Number of protein chains: 2
Amino acid sequence: MASKDHTPRRSAPPAGAARGRPRKAPVSQEGEGEEKRLGRPPLVSDPREEILRQAAKMFAQKGYGASSLAEVAATLNYSKGAIYNYFATKQEIYDAIIIRTLEGLNRAGAEAVAQGASPRERLRLFMIGHARYLAENYDSFVTMLVGYSGMASAALKDDALRLRDAHEGLLRAIIAEGAADGSFRAMDVAMTGRAVLSLLSWMARWYRPDGAMGAEEVADFYCDLIASGLLPREPAAREGR
Amino acid sequence: MASKDHTPRRSAPPAGAARGRPRKAPVSQEGEGEEKRLGRPPLVSDPREEILRQAAKMFAQKGYGASSLAEVAATLNYSKGAIYNYFATKQEIYDAIIIRTLEGLNRAGAEAVAQGASPRERLRLFMIGHARYLAENYDSFVTMLVGYSGMASAALKDDALRLRDAHEGLLRAIIAEGAADGSFRAMDVAMTGRAVLSLLSWMARWYRPDGAMGAEEVADFYCDLIASGLLPREPAAREGR
DNA sequence: AGATTTACATACCGACCAGTCGGAATATAA
DNA sequence: TTATATTCCGACTGGTCGGTATGTAAATCT
């Protein structure tokens, strides 16, 4: 039997060789057309996705430690054991949520940066893109920011750190560029970036997708506040040039 | 379950560990002088305080769920059972940490507000006071902001919410006053206050007491950033360097 | 000297949970 | 039909943890 060591071809855990493995081979890893697969079909299509979704929901609500896989399984009409066909450990589920969320956030930031003309405009697009991604991936985002905060594998932890730094790097580049061409004041770039990300990150603690204010609206307000400041302003140019 | 009034062990309420409001330990409460107490003396003076300190440390590091009372006890050379002489449940320990931390934060904010002359100055004092309190009560603060986030008793939850709102209310009053007398721009008071608290709260995620930058220093930077903004102040943005 | 009160340790219980194992169910392929 | 691959269930294990019961050590009071 050429049963591979459970490496679910998703995202990118290249270095992280999962130690534990489900008892059987992973789900179909095809990349091309829809091919008929052998064996009993899953109860839900793409169980891996559903498990991640439900787990993120529970992690966000009750935290990692207080969430049991049995409960996750129950909401999918699964037994607990079935989950282990798709993930080797509970930790692996958590890790997958974190990594994929950071990847998506990074992607959102990169797209925003590519579309803006001036640093001022890019900053706004970055913040709004960040907030929109938060709103659209609420549970995963909350899990990433407030839940448990511990990845087991050092390799995965490095991946997560790299992704986070890349996202922050995009922001710092915007600020540095704005400072260089005079459209921003010259300030400590790292601390300014930290401030912007603090505003956005803390949204995970109070923002609710069904609340009165939209996430992009909040980001817009924050961007204006951080750009123009609280002090009154003499008649000055609002737009970046 | 078992809603019997769990006073610690025997009769007296020496630790005040009962339902309802947390009360101070009688040992530390001065007033009627040192009275000789009966029975075997504690291994450490003020065990209640030590337990709260150690528990906050562990909660901050590993989270509520991942922290065991046995481990807390071990660091104090206690047995697990001994803790139950001072607290009825693990939850009660958590609740006590949250409440006392919020009370202290509220006090710090009130002191800051009382000392500033102008809204601009009060805002700075408020932010610095908040940051200083964070630095001086780091473990409790982190526990309050990132750990577990669930209080059992509805009454205590209300207490916590009330304290949090009071703190935020102090800040909003500063902003509203500044907007009224023209020293601040007219902006949405609630959202502006939220932004300020977001900056400060997120410090619990990255600030380290032994780090390079002091907490008050950070608050000072944030205050300047939020006040003056990122855009250049003067229309003629010809920054000579 | 008791008697009493407080502060602990030890041992234990019950609940819960991550993870495992054998096998049953359901699909395709020959 | 038989063989094989895949999914899933249900029962089980090993361990952890919150909380309790019981006894004992050290202090004061009478």
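Every chain is numbered from 1, with letters handed out A, B, ... down the list of sequences. Source: prediction; values computed, not measured.
Judged by distance alone, the side chain of Ser140(A) and the main-chain N or O of Ile97(A) form no donor-acceptor pair under 3.5 Å. Looking only at distances, no side-chain donor or acceptor of Asp220(A) sits under 3.5 Å from a matching main-chain atom of Glu216(A). Thr143(B) places a side-chain N or O within donor-acceptor distance of the main-chain N or O of Ala56(B), the cut-off being under 3.5 Å. In this structure a side-chain-to-backbone donor-acceptor pair under 3.5 Å is present from Arg205(B) to Leu145(A).
Atom CG in Asn77(B) sits roughly 15 Å away from atom C1' in dA7(C) (whole-Å rounding). dA18(C) atom C1' lies 12 Å from atom CD of Gln91(A), rounded to whole Å. Rounded to whole angstrom, the span from the CD atom of Glu50(A) across to the P atom of dC8(D) amounts to 12 Å. Here the C1' atom of nucleotide dA18(C) and the OH atom of Tyr78(A) are 19 Å apart, to the nearest Å. Separating the CZ atom of Arg48(A) from the C1' atom of dT6(D) is a distance of 16 Å, rounded to the nearest angstrom. Asn85(A) places its CG atom 15 Å from the P atom of dG22(C), with the value rounded to the nearest Å. Residue Ile51(A) contributes atom CD1, which lies 11 Å from atom P of dT7(D) at whole-angstrom precision. In this structure, the CD1 atom of Ile83(A) is 13 Å from the C1' atom of dC17(C), given to the nearest Å.
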Atom pairs under 3.5 Å: protein N/O with N/O of nucleotides 13-18 of chain D:
unit_1  : atom_1 : unit_2   : atom_2 : d
dG18(D) : OP1    : Ser67(B) : O      : 3.1
dG18(D) : OP1    : Lys90(B) : NZ     : 2.9
dG18(D) : OP2    : Leu69(B) : N      : 3.0
dG18(D) : N7     : Lys80(B) : NZ     : 2.7
dG18(D) : O6     : Lys80(B) : NZ     : 3.4

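The side chain of Leu38(A) has dT28(C) as its nearest neighbour among dC8(D), dC8(C), dT28(C). Listed candidates were dC9(D), dC8(D), dA9(C). Nearest to the side chain of Ser79(B) is dA9(C).
A cation-pi geometry, defined here as NZ or CZ lying under 6.0 Å from the six-membered ring centre and within 45° of its normal, does not hold between Lys57(B) and Tyr138(B).
For His130(A) and Phe141(A), the ring centers are positioned less than 6.0 Å apart.
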